[in-house]
Amino acid sequence: MISVKGITKLYGDKKVVDDVSLSIAKGKITSLIGPNGAGKSTVLSMITRLLDNDSGEVLLEGDNIFTQPNTDLAKKISILKQSNHLELKITVRELIAFGRYPYSKGRLTKEDNALIDEAINYMELEQFEDRYIDELSGGQRQRAYIAMTIAQDTEYIFLDEPLNNLDMKHSVQIMQILRRLVRERNKTIIIVIHDINFASCYSDNIVALKDGEVAISGTKNEVIKKDILEEIYEMEINIECIMGHQICIYFDEHADATVDDFVKEQAQI
Amino acid sequence: MLKDHKNRLLLVLSIVTVIVIVFYMLFQIDFDILFYQLPSRGRRILSIVIVGVAIAVSTVIFQTIVKNRILTPSIMGLDSVYVFIQTSIVFIAGVSSPFLLNAHFNYFLSLGLLTLFTLFVFRYLFKLTKSNVFILLLIGIILGTFFGNLSTFMQQLISPDDFLVLQNTLFASFNVVNEDLMLLTAIILIIMLIIVLKDFHSLDVLALGRDGAINLGVNYDRKVSQLLVIVAILVSVSTALVGPIMFLGLLVVNIAHELFKTYKHIYLIIGTSLISIIALVVGQMIVQFVFQNSVEISVIINLVGGVYFIYLMLRRGRE
């Protein structure tokens, strides 16, 4: 279990993350949601030691992450940031092989290669394995990155907006893979996600942040509620149960009217 | 298959390197002065190898850290600082000063000041600009222009005779290289190479960027500061030994990237070193055999490298 105790991050005088405490249950998908600027990515970076915290601590199975050797930590938690486009001439297979670095330090053993093959199969990347990653589409590239974290074989997997720039089909594909990882390999996955309906349909627990603080944290049924979400996002949100899922409907009822007004205005000008 | 291709490429480059070196050693050899000519050419080859490898390795590492293929330590203003140091010596102490005439004094003074400057630029400015490449490049150009102008100002004030003496030290040249210093530079280079190559896999990981490297368990900040110190020392020793060759690093690293199309540093480091040696030996041949030593090697390398630099900028602009 990962428990986060009162972490705070200051940029200058501004508290972007203010006294955030939460615990992450094993074998579940936990989504971090919240409006832009709520501090989701910052929290994720602090939990995964990419960013120093100004106060508070992050405990992994009871031990502070900053006191553990980097290599050990890399075998327990992996973090994938928003698909940062690499200017490297690197093939899919070579990228995935990086996942084995904490274990083999670059000298790949037979076992490493077997695990790399397995990750490639798992993500169905066989036909792309010798392609350069800058030749892939967004969805394929995201799968290659996730394959790298699969090869890294950590219990905890953190993903920062894994659905960024993906269409519906690929988003669903990625989320199904994450569910499969939890189901078949008992991984613990923590994602930052913007689409509230993806969070509602695919995660077990949800942590909602607002203005750098935890607004609410609980199972998805505890969080996906009209009054709670309306307060967090400061807009009208209706929730309907469709095919067993709580679906948020947040389209403005007056959308048509405003378009009409806009057209009228334009006509007058 | 891909791996074979890269190994073959390394083999070809090695053969070409040997051929150009042998060609240089034996071209128009005069048997009457064989015992003068061979050692003299041999010394030049040795200093070319030292400088070539130092520039190649430092530029490859530097570009991995800044994640950019156009920035090099020289372009960050290091060469102008070297010119500034030499000009200041003449301006303040005069041409007969031991700091200019005594090769040892001059080497250690230049080495010390250049390393200090480089560390300042890397450590302080990297933090300040949060490694923003464009701001770094801008600051590099401003620093370069600043020190360049100060140098020009002082050069206007010194006597024309002093200026001629000074000018000789400002162009990189492999013709007169002090043997002791060559040995010292070689030792420093070998120590640095051992440190770098012992852990070359971590360079591959650094190319993933800070987040990617930390995720894989590399202590990024410590590793990067260690490597920047190595880069600073390598660039400074080679500049202090023969003088500045601004565009050499840029030229050879980019050719290596074009040829090898890889992120693997073992290929990049060896490949760039070989290309660097080839470029310098060919440059030296042109200087010595075609122009009869009437131009300096840095002029030729900078001409080719500068044109290539413009080509890279234009291509980047189009992309």
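No experiment lies behind these values; they were computed from the predicted model shown. First the proteins, then the strands, lettered A, B, ... as listed; each starts at 1.
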Taking 4.5 Å as the heavy-atom cut-off, does anything in residues 48-58 of chain B contact chain A, and if so which residues? none
Counting a contact as any heavy-atom pair under 4.5 Å apart, which residues of residues 99-123 of chain A contact chain B? A/G99, A/Y101, A/P102, A/K105, A/G106, A/R107
Pull out the residues in residues 23-40 of chain A that come under 4.5 Å of chain B, heavy atom to heavy atom, sorted by number. none
Choice from B/T262, B/N219, B/V205 maximising heavy atom contacts with chain A below 4.5 Å: B/V205
With B/N215, which of A/T154, A/I79, A/L80 fulfils side chain to side chain contact (heavy atoms under 4.5 Å, CB included)? A/I79
B/Y220 versus A/N70: any side-chain heavy-atom pair under 4.5 Å? no
Neighbour count above 12 (heavy atom, 6.0 Å) for A/R183 CZ: yes
Take atom CD in A/E124; do more than 12 heavy atoms of anything else shown fall under 6.0 Å from it? no
I need the minimum non-hydrogen distance between B/L216 and A/A74, along with the two atoms involved. C-CB, 3.5 Å
Closest non-hydrogen atoms of B/R210 and A/L50, given as atom of the first, atom of the second and distance, are NH1-O, 2.7 Å
Hey, could you give me the NZ/CG distance between B/K264 and A/L88, rounded to the nearest 0.5 Å? 12.5 Å
How far does CG of B/L208 sit from CD1 of A/I90, to the nearest 0.5 angstrom? 6.0 Å
Could you list the residues that satisfy side chain to side chain contact (heavy atoms under 4.5 Å, CB included) with B/L251, not counting sequence neighbours? B/I255, B/V304, B/Y308
